[in-house]
Peer 1: 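Got a structure here, written out as structure tokens. Questions coming.
Chain identifiers are assigned alphabetically (A, B, ...) following the order of the sequence lines, protein sequences preceding nucleic acid strands; residue numbering begins at 1 within each chain. None of these values were measured; they are calculated from a predicted model.
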Amino acid sequence: MHDLSFFRNNLDAIAARLVDRGFVLDVEEFRQADARRRAALTESEQLKAQRNAESMEISKLRKQGVDTSEHQQKVRQIGERITALDESVKEIDEAFKQRLAGIPNLAHESVPVGKNEADNVEVRRWGQPREFDFPVQPHWDLGPALGILDFERAAKVTGARFAVYFGLGARLERALINFMLDVHTREHGYTEVLPPFLVNSASLFGTGQLPKFAEDLFKIENTDYWLAPTAEVPVTNLLRDETVDGDKLPIKLCAYTPCFRSEAGSYGRDVRGIIRQHQFQKVELVKFTRPADSFAELDALTDDAEDILRRLGLPFRTVVLCTGDMGFSSAKTFDIEVWLPGQNGYKEISSCSCFEAFQARRAGIKWKTGKKAEPLHTLNGSGLAVGRTWVAIVENYQQRDGSVVVPEALRPYLNAERITPQAKLV
RNA sequence: GGAGAGAUGGCCGAGUGGUUGAAGGCGCACGCUUGGAAAGCGUGUAUAGGGGUAACUCUAUCGAGGGUUCGAAUCCCUCUCUCUCCGCCA
């Protein structure tokens with residue numbers, strides 16, 4: 001959500017920058033809508049001022065014992081006009097706010113201008129993809145063969161785009177979660193949070209998923225509860241409508257949660273394996289910072305996420321998303337992409353974004369030093385997507401015999417050096 | 001799930017239809033006082049949206065949304081949340 005007066009005063013420049021994001025703002029129409037809203041508000045408020053004054057008058061007259069029934073009749077009529085007028089005022093105001101809430105954030109000036117994924121810019125690369133002297137298998141073959149992954153039973157229990165993990169497969173997922181949380185809390189200074197996995201619509205509005213992206217979410221019938229699509233939502237909203245003392249910043253939180261996405265519109269993409277699921281597990285990093293620090297904090301947060309991959313010995317590259325490929329609320333986003341031999345390419349495993357005040361303004365999260373309170377900056381990033389890390393380990397560390405060597409850093413968590421075929425369930 | 005009690009400013013807390021955006025206290029800020037501090041005294045101390053170069057002014061907000069009324073923090077309805085007791089449950 002943009003600051004209205006700033007937006008209004010810089011309309012043309014903002015519209016020009018929104019074009020880079022692929023968002024066309026009809027400036028003239030916006031001006032008219034804005035003017036219409038203001039005119040409606042002014043008219044309604046003037047009537048209300050009149051009514052208030054008249055009511056006060058009635059109060060005085062009554063104390064003097066004067067009959068006021070005529071007066072009351074007159075004010076009642078004003079009231080009726082207000083009621084009628086307010087209906088359209090409300091409509092105009094809500095339409096205007098919806099429109100404003102539907103305008104994406106501006107990209108930071110350091111973000112490359114581009115149309116789509118192809119225009120993203122690689123900023124660094126770490127590790128050498130391993131050379132295999134045998135045919136590599138994708139995880140959707142390796143997993144079921146090892147007896148650690150089962151798609152058929154998941155489809156029976158729930159449906160497509162779900163998976164079941166067995167034995168060392170399940171333990172690998174759990175080990176990764178613990179490993180990531182330990183690194184971030186013990187070495188990167190984050191405080192662990194275990195938030196609710198269901199969130200309400202006010203929270204989803206705060207972080208920008210609503211009102212525009214409802215179709216990407218699962219909603220619980222007959223309630224205002226939604227399955228969280230990312231821990232960003234519950235964790236960022238922990239501070240909704242709160243004001244934080246400046247000396248508390250930055251606040252660094254990390255959380256493990258499952259994430260639920262409807263994946264509407266992604267039919268045919270990543271249909272095989274567990275790359276794109278309706279439910280996946282993620283460890284998320286969230287920061288609340290002073291505005292002056294946010295982009296330095298974004299670099300640090302991205303490095304914290306990359307650190308997990310370095311410790312696991314998984315090759316990756318980091319790209320900065322171009323203006324056309326960024327998410328709705330973000331001002332700047334780095335994607336970390338891990339090397340997946342099964343796909344012979346790099347695949348997104350973390351997305352680290354600075355939202356500047358865009359979310360904080362929506363969610364009413366402020367900070368203050370001394371007297372004035374203003375929106376702070378919010379950031380978040382995956383640290384990491386657990387399922388895709390699982391895939392990266394299985395594929396990168398696969399052996400000729402179909403087993404998987406467990407990376408050194410994970411062995412204390414998994415209590416195993418190698419993943420070998422598990423006993424059949426039945 | 002059943003019964004009851006609550007929700008007021010940064011905090012505590014008064015307020016059951018008429019200058020109440022809201023007493024009083026605490027906290028905070030500034031000033032006076034002081035050798036300095038404390039105490040004391042004085043002044044100020046919400047947010048959002050309109051209008052205005054500005055001084056300033058208008059509107060809304062006492063959990064949320066409706067309603068009654070000339071007028072609602074106060075009355076009525078619905079909902080949400082918190083607390084207590086009972087039931088149930090991991």
Side-chain angles (χ1 to χ4, degrees), chain A residues 1-9 11 30-101 194-206 210-211 219-226 234 237-249 258 357-376:
Chain A
M1 174 95 76
H2 294 278
D3 178 70
L4 179 54
S5 63
F6 176 80
F7 200 85
R8 185 146 59 203
N9 295 329
L11 242 195
F30 186 90
R31 278 215 178 87
Q32 282 171 17
D34 189 25
R36 224 178 301 131
R37 169 174 175 269
R38 283 197 273 181
L41 280 177
T42 303
E43 192 183 353
S44 162
E45 286 177 4
Q46 277 170 355
L47 276 177
K48 281 173 187 164
Q50 198 184 333
R51 178 177 65 184
N52 288 346
E54 296 284 357
S55 290
M56 202 64 74
E57 191 61 27
I58 289 172
S59 169
K60 278 182 192 159
L61 291 174
R62 280 213 176 172
K63 275 177 191 155
Q64 295 165 17
V66 180
D67 175 67
T68 56
S69 51
E70 207 172 301
H71 224 110
Q72 283 171 221
Q73 184 60 31
K74 190 175 140 201
V75 180
R76 181 181 298 131
Q77 282 166 6
I78 296 175
E80 280 161 8
R81 281 172 64 199
I82 291 173
T83 306
L85 190 60
D86 266 356
E87 214 165 296
S88 76
V89 168
K90 197 176 165 191
E91 224 168 84
I92 290 169
D93 188 49
E94 261 166 28
F96 182 80
K97 283 182 173 154
Q98 281 272 334
R99 172 199 301 252
L100 190 65
L194 181 64
F197 303 158
L198 269 57
V199 295
N200 59 32
S201 42
S203 292
L204 287 160
F205 181 84
L210 291 180
K219 187 171 189 193
I220 310 289
E221 250 186 309
N222 303 321
T223 70
D224 185 40
Y225 298 152
W226 308 64
N237 278 282
L238 289 172
L239 296 187
R240 172 150 50 88
D241 296 322
E242 294 195 40
T243 301
V244 181
D245 281 331
D247 54 21
K248 296 273 192 195
L249 300 176
F358 193 84
Q359 291 181 328
R361 209 174 287 119
R362 288 174 163 245
I365 311 174
K366 299 178 177 182
W367 73 292
K368 66 171 176 196
T369 43
K371 278 209 151 180
K372 64 173 193 302
E374 56 175 22
L376 46 66

Peer 1: Mind checking side-chain hydrogen bond (donor to acceptor under 3.5 Å, both in side chains) for T223(A) and listing every partner two or more places apart, or none if nothing turns up?
Peer 2: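 Expected list: none.
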
Peer 1: CG of D245(A) versus P of C28(B): gap in Å, rounded?
Peer 2: 13 Å

Peer 1: Does any N or O donor sit under 3.5 Å from an N or O acceptor when you compare the side chain of E45(A) with the base of G49(B)?
Peer 2: yes

Peer 1: Quote, to the nearest angstrom, the P distance that separates C32(B) from G13(B).
Peer 2: 36 Å

Peer 1: How long is the line joining CG of D224(A) and C1' of A64(B), in whole Å?
Peer 2: 12 Å

Peer 1: When you get a sec, tell me which of A60(B), G50(B), C70(B) is the closest nucleotide to the side chain of L4(A)?
Peer 2: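 Per side-chain heavy atoms of L4(A), the pick is G50(B).
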
Peer 1: Roughly how many Å is it from CG in D241(A) to P in G63(B), rounded to a whole number?
Peer 2: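 Distance, rounded to whole Å: 15 Å.
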
Peer 1: I'd like to know if the side chain of R36(A) and the backbone of F96(A) have a donor-acceptor N/O pair within less than 3.5 Å.
Peer 2: no

Peer 1: Does any nucleotide pair with G21(B) by Watson-Crick or G-U wobble geometry, both distances under 3.5 Å, and what is it?
Peer 2: none

Peer 1: State the pairing partner of A90(B); accept Watson-Crick or G-U wobble contacts with both distances under 3.5 Å, and report none otherwise.
Peer 2: none

Peer 1: Strictly by Watson-Crick or wobble contacts shorter than 3.5 Å, is anything paired with A38(B), and which nucleotide is it?
Peer 2: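 Base-paired to nothing in any strand shown.
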
Peer 1: Measuring from the side chain of R51(A) (C-beta onward, heavy atoms only), which nucleotide among A48(B), C70(B), G50(B) has the closest atom?
Peer 2: C70(B)

Peer 1: Under 4.0 Å from OP1 or OP2 of G50(B): is there any side-chain N or O of R37(A) that close?
Peer 2: yes

Peer 1: Between C26(B) and G44(B), how many Å separate the two C1' atoms, rounded to a whole number?
Peer 2: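 Approximately 16 Å lies between the C1' atom of C26(B) and that of G44(B).
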
Peer 1: Across all strands, who's sitting opposite A54(B) as a Watson-Crick or G-U wobble pair, both distances under 3.5 Å?
Peer 2: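 Matched A54(B) with nothing under the 3.5 Å cut-off.
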
Peer 1: Respond yes when some side-chain nitrogen or oxygen of N52(A) is under 4.0 Å from OP1 or OP2 of G71(B), and no when none is.
Peer 2: no

Peer 1: Taking the minimum atom-to-atom distance to the side chain of K63(A), which one of C81(B), G18(B), G49(B) wins?
Peer 2: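 Out of C81(B), G18(B), G49(B), the nucleotide with an atom closest to K63(A)'s side chain is G18(B).
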
Peer 1: With RNA chain B as reference, determine whether M56(A) or T83(A) sits nearer its 5' end, using the nearest nucleotide of each.
Peer 2: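 It is M56(A) whose nearest nucleotide is closer to the 5' end.
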
Peer 1: What is the distance, rounded to the nearest whole Å, between atom NE2 of H2(A) and atom C1' of G49(B)?
Peer 2: 19 Å

Peer 1: Is there a donor-acceptor pair under 3.5 Å between the side chain of N200(A) and the backbone N or O of S203(A)?
Peer 2: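 Yes, the answer is positive, given that a donor and an acceptor are paired below the 3.5 Å cut-off.
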
Peer 1: In whole Å, measure the gap between the C1' atoms of A7(B) and C62(B) for me.
Peer 2: 10 Å

Peer 1: Considering only the P atoms, how many Å lie between U59(B) and G21(B), rounded to the nearest integer?
Peer 2: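 Roughly 10 Å separates the two P atoms.
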
Peer 1: For U8(B) and G1(B), measure between their P atoms and round to the nearest Å.
Peer 2: 25 Å

Peer 1: Tell me the closest heavy-atom pair linking T42(A) and R38(A), and the distance in Å.
Peer 2: OG1-O, 2.7 Å

Peer 1: Using the salt bridge (Lys or Arg N to Asp or Glu O under 4.0 Å) definition, which of the options K97(A), R99(A), R8(A) pairs with D34(A)?
Peer 2: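 By the salt bridge (Lys or Arg N to Asp or Glu O under 4.0 Å) criterion, D34(A) pairs with just one of K97(A), R99(A), R8(A): R8(A).
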
Peer 1: Measuring only the C1' atom in each nucleotide, how far is A46(B) from G65(B)? A whole number of Å is fine.
Peer 2: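 So the two C1' atoms sit 23 Å from each other.
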
Peer 1: Atom CD of E242(A) to atom C1' of U47(B): distance rounded to whole Å?
Peer 2: 16 Å

Peer 1: Write down the distance separating the P atoms in G36(B) and U47(B), rounded off to the nearest Å.
Peer 2: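 Rounded to whole Å, the distance is 34 Å.
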
Peer 1: Keeping the roles fixed (side chain from R51(A), backbone from G79(A)), state whether a donor-acceptor pair exists under 3.5 Å.
Peer 2: no

Peer 1: Applying the Watson-Crick and G-U wobble criteria at under 3.5 Å, what pairs with A48(B)? Answer none if nothing qualifies.
Peer 2: U59(B)

Peer 1: Of the candidate nucleotides U59(B), G50(B), C70(B), which contains the atom at the shortest distance from the side chain of R38(A)?
Peer 2: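 Per side-chain heavy atoms of R38(A), the pick is G50(B).
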
Peer 1: Could you please name the option among C70(B), G50(B), A60(B) that lies closest to any side-chain atom of V75(A)?
Peer 2: C70(B)

Peer 1: Does the structure show a Watson-Crick or G-U wobble partner for C83(B), both distances under 3.5 Å? Name it, or say none.
Peer 2: G4(B)

Peer 1: I need the CZ-C1' distance between R8(A) and G50(B), as an integer number of Å.
Peer 2: 9 Å

Peer 1: Just to confirm, is there a sub-4.0 Å distance from OP1 or OP2 of G66(B) to any side-chain nitrogen or oxygen of K90(A)?
Peer 2: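 So the side chain of K90(A) is within the cut-off, an N or O lying under 4.0 Å from OP1 or OP2 of G66(B).
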
Peer 1: Strictly by Watson-Crick or wobble contacts shorter than 3.5 Å, is anything paired with C26(B), and which nucleotide is it?
Peer 2: G10(B)

Peer 1: Verify the neighbour count for atom CD of E70(A): are there more than 12 heavy atoms of other residues, nucleotides or ligands below 6.0 Å?
Peer 2: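 Counting other residues, nucleotides and ligands, CD of E70(A) stays at 12 neighbours or fewer.
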
Peer 1: Could you walk me through whether L85(A) and R81(A) pass side-chain contact (heavy atoms from CB on, under 4.5 Å), step by step?
Peer 2: CA-CA 6 Å; L85(A) 190 60; R81(A) 281 172 64 199; 5.9 Å; no

Peer 1: Provide the distance between the two P atoms, one in G2(B) and one in C12(B), to the nearest whole Å.
Peer 2: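 To the nearest whole Å, 30 Å.
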
Peer 1: If you assign each of Q50(A) and Q72(A) to its closest nucleotide in RNA chain B, which residue comes earlier from the 5' end?
Peer 2: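 First, find each residue's nearest nucleotide; the 5'-ward one identifies Q50(A).
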
Peer 1: Compare the minimum distances between each of U69(B), C81(B), G50(B) and the side chain of R76(A), then state the nucleotide with the smallest one.
Peer 2: U69(B)

Peer 1: Rounded to the Å, how far apart are I82(A) CD1 and U68(B) P?
Peer 2: 14 Å

Peer 1: Searching all strands shown, indicate the nucleotide that pairs with A72(B) (Watson-Crick or G-U wobble; both distances under 3.5 Å).
Peer 2: none

Peer 1: CG of D86(A) versus C1' of G49(B): gap in Å, rounded?
Peer 2: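 Whole-Å distance recorded here is 14 Å.
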
